[in-house]
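Notes for the one structure printed next.
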Protein chains: 2
Amino acid sequence: MDVEDWKSQIKRGSLEFCILLLIKQRPYYGYEIISVLEEYPIVAAKENTIYPLLRRLLKGEYISSSWQESTEGLPPRKYYTITEKGNDYLNAMSLEWDNLLTAISEIKGALNHG
Amino acid sequence: MDVEDWKSQIKRGSLEFCILLLIKQRPYYGYEIISVLEEYPIVAAKENTIYPLLRRLLKGEYISSSWQESTEGLPPRKYYTITEKGNDYLNAMSLEWDNLLTAISEIKGALNHG
DNA sequence: TAGGGGTACTGTGTTGTACGATGTATGTGT
DNA sequence: ACACATACATCGTACAACACAGTACCCCTA
């Protein structure tokens, strides 16, 4: 039970949130998502985490996917797009996220306010 | 897989963070912690979640405990105090928490910056 | 005497996610 | 031949939150 363990606990939920935040902006393919998240160690995750997560989101119809050929002999890519249901879900998550930030900041200040 | 599920995922790690943030300020007893967290639905949790969590923190020596008599015939209370190790742990968590907030805010703005 | 609230704790089992390990395929570079 | 990057995938495990259900004790009130 050290900080590394805690970091992997924190990713629970945060990862899903980050991925939907990304895909909301434009279609991303799996490997690309992994690369983007790699820039932020706190939410970095490998294939064995991201692909199952994407499959879960697909299954829940929060995102949809479509294959697209790559130029220059690269393997084809599976692009993910957010659905309307996914957008609703993301909005609900954003609200709860704000609640969490509020809770933490009030808890931090508990001494001063009673 | 709805927002309720996501909320319980988000609690992983956040709960531990909140409890250490609380206890850092002054000693709290278990029932008191549960009551305080109840005010924030996003981090609210019942006995069967909080007590095992406190036991984990005790076992890892992030907190220590001591019994104290209550006035007016109330049952004695077990007060939890943060240890030095717990403080170090909490500081490390705070850093990672900031990293998470930064990551999310940058991911939200990915369209505008590249 | 029955019920409710404060206070601490235990046990069993389910669920869901991160993650370690591993596999499959293609193309490029050495 | 071998490593490395791109790209997607599966299997199994560990662990925290949590549902549900208890034990035990003391006080106060209806």
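As a basis for the values below, the full set of heavy atoms in this structure was taken, side chains included, without hydrogen atoms, waters or symmetry mates. To find a chain, count down the sequence lines: A is the first, B the second, and so on, and within it residues start at 1.
B/Trp6 comes within 4.0 angstrom of no nucleic acid atom, judged by non-hydrogen atoms across all strands. A/Arg77 comes within 4.0 angstrom of the backbone, heavy atoms only, and of no base. Here B/Arg56 lies in heavy-atom contact (under 4.0 Å) with sugar-phosphate atoms only. Among the atoms of the strands shown, only primed sugar atoms or phosphate atoms (P, OP1, OP2) are found under 4.0 Å from some heavy atom of A/Ser8. Among the heavy atoms of the strands, none lies under 4.0 Å from B/Glu16. Within 4.0 Å of B/Pro52, counting heavy atoms only, lies no atom of the nucleic acid at all. Within the 4.0 angstrom heavy-atom criterion, only backbone atoms of the sugar-phosphate kind lie near B/Leu15; the bases stay farther away. Across all strands shown, B/Phe17 has no heavy atoms under 4.0 Å from either base or sugar-phosphate atoms.
Listed candidates were C/dA18, C/dT7, D/dA17. Nearest to the side chain of B/Tyr31 is C/dT7. Checking C/dC19, D/dA7, C/dG16 against every side-chain atom of A/Leu74, the shortest atom distance belongs to D/dA7. When the nucleotides C/dG6, C/dC9, D/dC15 are ranked by their closest atom to the side chain of B/Pro75, C/dG6 comes out on top. Closest to the side chain of B/Tyr29, out of D/dC8, D/dA14, C/dA8, is C/dA8. Minimum atom distance to the side chain of A/Arg55 is reached by D/dT10, of the listed D/dT10, D/dC18, C/dC9.
One atom, CG of A/Leu37, and another, C1' of D/dA7, lie 16 Å apart when rounded to the nearest Å. Atoms NZ (B/Lys11) and P (C/dT15) sit 18 Å apart, rounded to a whole Å. If you take CH2 of A/Trp67 and P of D/dA9, they are 5 Å apart, rounded to a whole angstrom. Atom NZ of B/Lys46 and atom P of D/dA21 are 11 Å apart (whole Å).
Distance alone, capped at 3.5 Å, places no donor-acceptor pair between the B/Glu16 side chain and the B/Arg12 backbone.
Looking at A/Glu32 and A/Arg26, a side-chain N of the basic residue comes within less than 4.0 Å of a carboxylate O on the acidic one, giving a salt bridge.
B/Trp6 has its ring centre no less than 6.0 Å from the ring centre of A/Tyr89.
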Can I get a per-line list of side-chain donor-acceptor pairs under 3.5 Å for residues 39-67 of chain B, giving both atom names and the distance, sequence neighbours left out?
unit_1  : atom_1 : unit_2   : atom_2 : d
B/Tyr40 : OH     : A/Glu106 : OE1    : 3.0
B/Tyr62 : OH     : A/Met1   : O      : 2.4

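In the interface, the side chain of B/Asn48 is paired with the base of D/dA19 through a donor and an acceptor atom under 3.5 Å apart.
No cation-pi contact links B/Arg77 to B/Tyr79, judged by a cut-off of 6.0 Å to the six-membered ring centre and 45° from its axis.
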